[in-house]
Amino acid sequence: MTVLKLIGVLLDYPRDELWQHGEELLAAADDPALSRGRRRQVVAFVEALLAADPLDAQDRWLSTFDRGRAMSLLVFEHIHGESRDRGQAMVDLIDAYRKNGFELDAKELPDYLPLLLEYLSHRPQEEAKEWLHHIGHIAGMLAARAAERELPHAALFEILVEAGEGKVNLEILRQRASEEIRDDTVDAMDRLWEEEAVRFGTDAPSQECDPPHRSPARALNREVQP
């Protein structure tokens, strides 16, 4: 398993099947492509995840990535927000996937970061590096916010920044994150609910726009079709 595929699996929603692949995850975490320090961080992340009760791990994931938008794993949400440009970017990304033989499941959003990482794990190294360079500022901001919230995922996002070899100043981003108003508190979620509850008709959010909860077991075994 490549480093990108491993990071994608670890960032994905931890379905019950993940615990069946513990030895494979630990072996992948000790990848010599990572520095010794990063290997220790990833191995510690995997060990802590495997030691956790699945229900607790799933609840923590939802609390981390499914409340508010600051920690969203939908890449284009950080770039385009709710603008129309996001829709076109989705279409272009789907076309790129299909051009290279990578088909999505019906409910998968193409800009879901674990999915993008799975795709990039099958692409040439230079292409993957270019993609990671392009989204390096997003990975850096997610790393900074994760660090501010004392989440172990910070190291995973930092690895993506390093893999993209981008000029991302994590210290500046951490300072910015420390000054942000959290959007995952009860009050913030209540305000967001009140704003979105007034949407009707064609503006109503679709169920298909929910973040995809994909199976890590499929992520481990999936291959790009020739």
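Predicted model only: the values in this text are computed from it and were never measured.
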| task | Please name the pair of heavy atoms, one in L173 and one in H137, separated by the smallest distance, quoted to 0.1 Å. | result | CD1-O, 4.4 Å

| request: Check side-chain contact (heavy atoms from CB on, under 4.5 Å) between P54 and all other residues, then give those that pass, not counting sequence neighbours. | output: D16, W19, Q58

| message | Please enumerate all residues that pass side-chain hydrogen bond (donor to acceptor under 3.5 Å, both in side chains) together with E126, with sequence neighbours excluded. | response | none

| request: Kindly say whether L11 contributes a backbone atom to a donor-acceptor pair with the side chain of H153 at under 3.5 angstrom? | output: no

| Considering only heavy atoms from C-beta outward, does the side chain of H78 approach that of M141 to under 4.5 Å? | no

| Sub-4.5 Å side-chain heavy-atom contact between V42 and V3 | no

| request: Kindly give the heavy-atom pair with the smallest separation between R149 and A70, and that separation in Å. | output: NH2-CB, 3.6 Å

| message | Suppose we screen for salt bridge (Lys or Arg N to Asp or Glu O under 4.0 Å). Which residues come up paired with E165, at least two apart in sequence or across chains? | response | K129

| said: Could you measure the distance from the CD1 atom of I94 to the NZ atom of K99? Nearest 0.5 Å is fine. | reply: 15.5 Å

| task | Spell out, yes or no, whether V168 and V75 are grouped together once hydrophobic residues are joined by side-chain heavy atoms under 4.5 Å, including indirect joins. | result | no

| said: Is it the case that the side chain of R39 and the backbone of L34 share a donor-acceptor pair, with hydrogens and angles ignored and the cut-off at 3.5 Å? | reply: yes

| If we ignore angles and hydrogens, is there a donor and acceptor under 3.5 Å between the side chains of Y13 and D66? | no

| query | Would you call L6 and L25 a side-chain contact if the rule is heavy atoms closer than 4.5 Å? | reply | yes

| message | Does atom CD (Q125) have a neighbourhood of more than 12 heavy atoms from anything else shown, all under 6.0 Å? | response | no

| said: Is there a continuous path of hydrophobic side-chain contacts, each under 4.5 Å between heavy atoms, that joins V9 to L104? | reply: yes

| So, for L142 and S72, which heavy atoms are closest and what is the spacing to 0.1 Å? | CD2-O, 3.9 Å

| message | Main chain of P110, side chain of Y97: is a donor-acceptor contact present, judged purely on distance under 3.5 Å? | response | yes

| Interatomic distance, L49 atom CG to L26 atom CG [nearest 0.5 angstrom] | 10.0 Å

| Under 3.5 Å, is there a donor-acceptor pair linking the side chains of E179 and Q175? | yes

| query | Does E24 pair with K5 as a salt bridge, N-O distance under 4.0 Å? | reply | no

| remark: Value for CG (D59) from OG1 (T64), rounded to nearest 0.5 Å, stands at 9.0 Å

| With sequence neighbours excluded, what pairs up with L132 under the side-chain contact (heavy atoms from CB on, under 4.5 Å) test? | L4, L117, L120, I135, L160, A163

| task | Report yes if some heavy atom in the side chain of E118 is under 4.5 Å from a heavy atom in the side chain of F102; otherwise report no. | result | yes

| field | L50 versus G22, closest heavy-atom pair with distance | value | CD1-CA, 3.6 Å

| field | Which atom of F76 lies closest to which atom of M90, heavy atoms considered | value | CE1-N, 3.8 Å

| request: Using salt bridge (Lys or Arg N to Asp or Glu O under 4.0 Å) as the criterion, list what pairs up with R176, not counting sequence neighbours. | output: none

| Any idea how F65 and W61 line up, ring-wise: parallel (<30°), tilted (30 to 60°), or perpendicular (>60°)? | tilted

| message | For a 4.5 angstrom cut-off between non-hydrogen side-chain atoms, does F157 reach L113? | response | yes

| said: Would you compute the distance between atom CG of L116 and atom CG of L74 and round it to the nearest 0.5 angstrom? | reply: 11.5 Å

| query | Sub-3.5 Å donor-acceptor pair from the side chain of N100 to the main-chain atoms of A96, do we have one? | reply | yes

| request: Just jot down the side-chain contact (heavy atoms from CB on, under 4.5 Å) partners of Q41, sequence neighbours excluded, or say none. | output: R38, A155

| request: Please answer: with hydrophobic residues joined when any side-chain heavy atoms are less than 4.5 Å apart, are L151 and L62 in the same cluster? | output: yes

| query | Is the shortest side-chain N to carboxylate O distance from R174 to E171 below 4.0 Å? | reply | yes

| Are there more than 12 heavy atoms of other residues, nucleotides or ligands under 6.0 Å from atom CD of E130? | no

| message | Quick check on the hydrophobic clustering: are L109 and L93 connected, directly or via other members, by side-chain heavy-atom contacts under 4.5 Å? | response | yes

| query | At their closest point, which heavy atom of A154 faces which heavy atom of A147, and how far apart are they? | reply | CB-N, 3.8 Å

